[in-house]
Participant: 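I'd like to ask some things about the structure below.
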Amino acid sequence: YPALPFREGRKPAVYYGVAGVSSDTEPNVSDAPRCIVCGERYSYRRHTFAHLGDWYCPRCGSCRPTPDMAAETIEALGSGSRVELRTPEGTRSVEVALPALYNVYNALAALTAARSMDWDMDACIGSLAGFDAMFGRMETMKVGDTPVQIVLVKNPAGCDRALEYLASRGDDCLPVFCLNDNAADGTDVSWIWDADYESLFARRSYRQIGEWGIRAEDMRLRLKYAGADDASVTVYETLDDLASDIMSEFDKIKESDAFKKTADFLSDIGTKVNEFFEKPEVKGAINKVSNAAILYRIVQMIDKEKWVSM
């Protein structure tokens, strides 16, 4: 296929990708919809998400290179994935500790880079099985006996992956959609209309939906148009209201609560946590290294009543 010239002295590119997964839908959100050689819109023999998949250009013949590292099969494990990885040296079984397809792509990128630098592949593959989520990105913690998962999204492509993951979960959960327009989040929230919330409500219905944030009413309108039952929606005015309702759900929801948030959500939660630790009965009880450390400690060590009274 036509290839772009490499700069003098640059090594040939090394490719990675997913081979054994295909979506039934055409890409509705794409960062790269057109051929970088001739400008024609890409076609797909097989599509995963966004602009990724087995693409080709019907005009000039450019097409997806054969991956050097490819996920041949992917098995969802609830909290992660098991991947059969094809490498130039043979097939390896890889366990990725984080769920969802986009984290498989992230793991493939890391392993491909590691192999290119001649790192110990056994050590690298082993590390993926025990990898912890970054702050707010598929981060899981416990509030009382209830697992809470926080999923940060900032754009339509990422939001679609989070919605896909949420729709795939078979457990009963309380989804809370949090939307802000502070500087860290981006002041233009119109991107929520490009995300495919319709796909979530075509597959799932919820007896209760929570919304919080500066632009919570914008999110409420978006979900209404996506097919959510507006009568099931609760817009929380404060984090205290949200925390109280989460705790009241403990007897109703036996599995996990799923959260989506914007960047300021954890910052605001951290402020509430700091206020809690200023109380005389708990002041100095925990070393306040960072908001993240405090948040982990509070969900591990504080009972229901103390959480609600923060």
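Count residues from 1 along the sequence. What's counted below: heavy atoms across the whole structure, side chains too, no hydrogens, waters or symmetry copies.
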Participant: Mind checking the OG-CD spacing from Ser81 to Glu75? Nearest 0.5 Å is all I need.
Facilitator: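 Between Ser81 OG and Glu75 CD, I get 9.0 Å after rounding to 0.5 Å.
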Participant: Should Leu101 and Phe49 be marked as a side chain to side chain contact (heavy atoms under 4.5 Å, CB included) after you check the CA-CA gap, both sets of side-chain angles, and the distance that decides it?
Facilitator: CA-CA 9 Å; Leu101 180 58; Phe49 65 80; 3.7 Å; yes
Participant: For residues Ser232 and Asp229, report the shortest heavy-atom separation together with the two atoms involved.
Facilitator: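 Closest pair (atom of Ser232, atom of Asp229, distance): OG-O, 2.6 Å.
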Participant: Is Ser199 close to Glu164 at the side-chain level, that is, under 4.5 Å between some pair of heavy atoms?
Facilitator: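 No. Closest side-chain heavy atoms not under 4.5 Å.
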Participant: To the nearest 0.5 angstrom, please state how far the CZ atom of Arg86 sits from the CG atom of Asp68.
Facilitator: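 That separation rounds to 8.5 Å.
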Participant: Does Asn103 use its side chain to pair, donor to acceptor, with the backbone of Asn106 at less than 3.5 Å?
Facilitator: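 Flag not set: sc Asn103 to bb Asn106 has no pair under 3.5 Å.
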Participant: Quick one: are Tyr44 and His51 in side-chain contact, heavy atoms under 4.5 Å?
Facilitator: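 Yes, close enough: below the 4.5 Å cut-off.
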Participant: Linking I/L/V/M/F/W/Y whenever any side-chain heavy atoms sit under 4.5 Å apart, do Val235 and Ile214 land together?
Facilitator: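 Looking at the clustering, Ile214 is in a separate group from Val235.
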Participant: Report yes or no: do Tyr15 and Thr112 form a side-chain donor-acceptor pair below 3.5 Å?
Facilitator: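 There is no such pair between these side chains.
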Participant: How about CH2 on Trp119, more than 12 heavy atoms from neighbouring residues, nucleotides or ligands closer than 6.0 Å, or not?
Facilitator: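 12 or below, so no.
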Participant: Would you find more than 12 non-hydrogen atoms of other residues, nucleotides or ligands less than 6.0 Å from Glu89 atom CD?
Facilitator: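 For Glu89, atom CD is crowded (more than 12 foreign heavy atoms under 6.0 Å).
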Participant: Please answer: with hydrophobic residues joined when any side-chain heavy atoms are less than 4.5 Å apart, are Tyr225 and Leu223 in the same cluster?
Facilitator: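 Yes, it is one cluster - the side chains of Tyr225 and Leu223 are joined through contacts under 4.5 Å.
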Participant: Counting the benzene-type ring for Trp, do Tyr42 and Trp55 have ring centres under 6.0 Å apart?
Facilitator: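 Yes, the ring of Tyr42 comes within the 6.0 Å limit of the ring of Trp55, centre to centre.
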Participant: Side chains of Arg64 and Tyr56: does their closest heavy-atom pair fall under 4.5 Å?
Facilitator: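 Result no, sub-4.5 Å side-chain heavy-atom pair not found.
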Participant: Verify side chain to side chain contact (heavy atoms under 4.5 Å, CB included) between Arg203 and Ser168, making sure each step is shown before the conclusion.
Facilitator: CA-CA 9 Å; Arg203 297 173 60 183; Ser168 73; 4.2 Å; yes
Participant: How close do Ala71 and Val104 get, heavy atom to heavy atom, and via which atoms?
Facilitator: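 Here Ala71 and Val104 meet closest at CB-CG1, 4.3 Å.
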Participant: Kindly say whether Ile192 contributes a backbone atom to a donor-acceptor pair with the side chain of Arg222 at under 3.5 angstrom?
Facilitator: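 Yes; at least one donor-acceptor contact below 3.5 Å.
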Participant: Give the C-alpha distance, both sets of side-chain angles, the deciding distance and a yes or no for side chain to side chain contact (heavy atoms under 4.5 Å, CB included) between Ile209 and Thr234.
Facilitator: CA-CA 6 Å; Ile209 298 171; Thr234 299; over 6 Å; no
Participant: Report the distance from atom CZ of Arg207 to atom CG of Leu174, rounding to the nearest 0.5 Å.
Facilitator: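 Those atoms lie 8.0 Å apart.
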Participant: Quick one: does Leu85's side chain get under 4.5 Å of Glu72's, heavy atoms only?
Facilitator: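 Leu85 vs Glu72: side chains apart.
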Participant: At what distance, to the nearest 0.5 angstrom, does SG of Cys63 lie from CZ of Arg45?
Facilitator: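 Here the rounded value is 6.0 Å.
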Participant: Look only at the side chain of Asp120 and the backbone of Asp122, and say whether a donor-acceptor pair between them is shorter than 3.5 Å.
Facilitator: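 Checking the backbone N and O of Asp122 against the side chain of Asp120, a donor-acceptor pair under 3.5 Å is found.
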Participant: Any idea how Phe177 and Phe201 line up, ring-wise: parallel (<30°), tilted (30 to 60°), or perpendicular (>60°)?
Facilitator: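 It falls in the tilted class, 30° to 60°.
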Participant: Could you tell me whether Glu211 and Arg220 have a side-chain N and a carboxylate O separated by less than 4.0 Å?
Facilitator: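 Not counted as a salt bridge, because no side-chain N and carboxylate O are separated by less than 4.0 Å.
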Participant: Is any side-chain heavy atom of Pro175 closer than 4.5 Å to one of Leu166?
Facilitator: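 Answer yes - side chains close enough.
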Participant: Under 4.0 Å between a side-chain nitrogen and a carboxylate oxygen: does that hold for Arg92 and Glu84?
Facilitator: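 Salt bridge: no.
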Participant: Would the distance check show the side chain of Thr48 and the main-chain N or O of Leu52 forming a donor-acceptor pair, the cut-off being under 3.5 Å?
Facilitator: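 Present.
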Participant: Linking I/L/V/M/F/W/Y whenever any side-chain heavy atoms sit under 4.5 Å apart, do Val153 and Tyr206 land together?
Facilitator: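 Yes, it is one cluster - the side chains of Val153 and Tyr206 are joined through contacts under 4.5 Å.
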Participant: Can you check whether Val94 reaches Leu128 side chain to side chain, under 4.5 Å on heavy atoms?
Facilitator: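 Heavy-atom side-chain distance check passes, below 4.5 Å.
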Participant: Taking all non-hydrogen atoms of both residues into account, name the closest pair between Cys57 and Glu40 and its distance.
Facilitator: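 Scanning both residues completely, I find the closest heavy atoms to be SG-CB, 3.7 Å.
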Participant: Compare all side-chain heavy atoms of Leu111 with those of Met69 and state whether any distance is below 4.5 angstrom.
Facilitator: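 A side-chain contact exists here, since the closest heavy-atom pair is under 4.5 Å.
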Participant: Hey, mind stepping through Leu221 and Trp193 against side chain to side chain contact (heavy atoms under 4.5 Å, CB included) and telling me if it holds?
Facilitator: CA-CA 10 Å; Leu221 181 64; Trp193 292 91; 4.1 Å; yes
Participant: Hey, are Asp54 and Arg46 close enough for a salt bridge, meaning a charged N less than 4.0 Å from a carboxylate O?
Facilitator: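 Looking at Arg46 together with Asp54, the answer is no, because their closest N to O distance does not fall below 4.0 Å.
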Participant: Is there a donor-acceptor contact under 3.5 Å linking the side chains of Gln149 and Tyr165?
Facilitator: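 There is such a pair between these side chains.
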Participant: May I ask you to test the Tyr197-Asp160 pair for a side-chain heavy-atom distance under 4.5 Å?
Facilitator: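 With C-beta onward as the side chain, the pair stays apart.
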Participant: Please report the interatomic distance SG(Cys178) to CZ(Arg215), rounded to the nearest 0.5 Å.
Facilitator: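 Here the interatomic distance stands at 14.5 Å.
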Participant: Is there a donor-acceptor pair under 3.5 Å between the side chain of Asn180 and the backbone N or O of Gly213?
Facilitator: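 Not at all, since once roles are kept as given, no pair shorter than 3.5 Å links the two residues.
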Participant: Tell me whether Asp230 is salt-bridged to Lys224, with the criterion being a basic N under 4.0 Å from an acidic carboxylate O.
Facilitator: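 A salt bridge is absent here (no side-chain N lies under 4.0 Å from a carboxylate O).
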